[in-house]
Amino acid sequence: MLTFDQIQAYDSNGYVLVPDVFAPQEVEVLLANVTKEGRATKHQFNMADAAGRASKLSLWSDIGDDVFGAVSASPRIVNNVRMLLREDVYHWHSKVMLKEPRIGGAWEWHQDYGYWYGDGCLYPRLISCMIALDPATKENGCLKVVPGSHLLGRFDHGRVGQQAGADQERVNAAIERLGMKYCEAPAGSALFFHGNTFHASEANLSNKPRRAYICCYNALSNVPYGGKGHGRPVPIVTTPDDAILRYAESVVA
Ligand code: SIN
Ligand code: MN
């Protein structure tokens, strides 16, 4: 459970990094499932950055009866997101983010609400939670954020490579005023960030993969109009706390 100080940090900065949310054995099970034939490989596609380098992405909006579903519906994530949004939430989508060694591309500066505004959400009342499966470092393309940018409102986004990129002049002005932070994160940590928090990540220059799992949630009061958007707007039934480890055997088998 987040502490009062962590909630306050999120409210003023638009993000909070929480270490040790998942144990090394749980991260191991998740990593094994990232490469195993199945959900993560089936849904995979490339998103090229401005330089044409691809970052790999697998995305889905159902909470499956599998190890990834166990994380997306984990009380360690969902209850904290409920606290940060001060209301109940539903699953928007989840995704595995893979930056391959040396060739994995960047993510350009954007707000997630830059994408989701177009999905019919009237408010930016969405939260993403990025779980580091490999230690995320500056060298392998960890997330970087503009602290406090969640209070700026939504910027216009255009196309940068195959990605949505925010108006660069305004991003530069925001960084000049608010600064920028590299969120180096140990494996098993969870970075909760607001739908309007500016974030980006650089290419993976290291010789190891940078893998992460991101679960995204929308407030139940913020269901998109016109039947648009991702996920089913129903409350999440959280999984038992040992749910991830229960899938360990299916990995070994
Ligand atoms: C990344 O995987 O580094 C970027 C994630 C995001 O834009 O949400
Ligand atoms: Mn994003």
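Note that this is a predicted model, so its numbers are computed, not measured. First listed ligand is number 1; within each ligand, the first listed atom is number 1.
- Ion pairing between Lys228 and Asp119 fails under the 4.0 Å rule for side-chain N and carboxylate O.
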Donor-acceptor pairs are to be reported for all side-chain atoms of residues 171-182 against protein atoms at under 3.5 Å, with residues two or more places apart or in another chain.
from	atom 1	to	atom 2	distance (Å)
Asn172	OD1	Gln168	NE2	3.1
Asn172	ND2	Gln168	O	3.4
Tyr182	OH	Glu202	OE2	2.6

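- Transitive grouping of hydrophobic side chains (ILVMFWY, heavy atoms separated by less than 4.5 Å) brings Val67 and Val21 into a common cluster.
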Return all side-chain donor-acceptor pairs below 3.5 angstrom for residues 46-56, not counting sequence neighbours, or 'none' if the list is empty.
from	atom 1	to	atom 2	distance (Å)
Asn46	OD1	Lys56	NZ	3.0
Asp49	OD1	Ala51	N	2.9
Asp49	OD1	Gly52	N	3.0
Asp49	OD1	Arg53	N	2.8
Asp49	OD2	Arg53	NE	3.1
Asp49	OD2	Arg53	NH2	3.3
Asp49	OD2	Ala106	N	2.8
Ser55	OG	Gly105	O	3.2
Ser55	OG	Trp107	NE1	3.1

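- The tally of protein N/O/S atoms under 2.8 Å from the Mn ion (ligand 2) stands at 3.
- Ring geometry for Phe68 against Tyr213 counts as tilted: the plane angle lies between 30° and 60°, on a 0 to 90° scale.
- The pair Arg39-Asp66 meets the salt-bridge criterion, since a charged nitrogen lies less than 4.0 angstrom from a carboxylate oxygen.
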N/O contact list for ligand 1, threshold under 3.5 Å:
from	atom 1	to	atom 2	distance (Å)
ligand 1	2 (O)	Arg210	NH2	2.8
ligand 1	3 (O)	Ser201	OG	2.6
ligand 1	3 (O)	Arg210	NH1	2.8
ligand 1	7 (O)	His110	NE2	3.1
ligand 1	7 (O)	His199	NE2	3.2
ligand 1	8 (O)	His199	NE2	3.3

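- Relative to the six-membered ring of Tyr117, Arg154 meets both conditions, a distance below 6.0 Å and an angle of at most 45° to the axis.
- Side-chain contact, Asp65 with Tyr247: a donor N or O sits under 3.5 Å from an acceptor N or O.
- Screening Trp109, Tyr113, Phe198 for a ring pair (Phe, Tyr, Trp, His ring centres under 6.0 Å) with Phe155, the sole residue that qualifies is Phe198.
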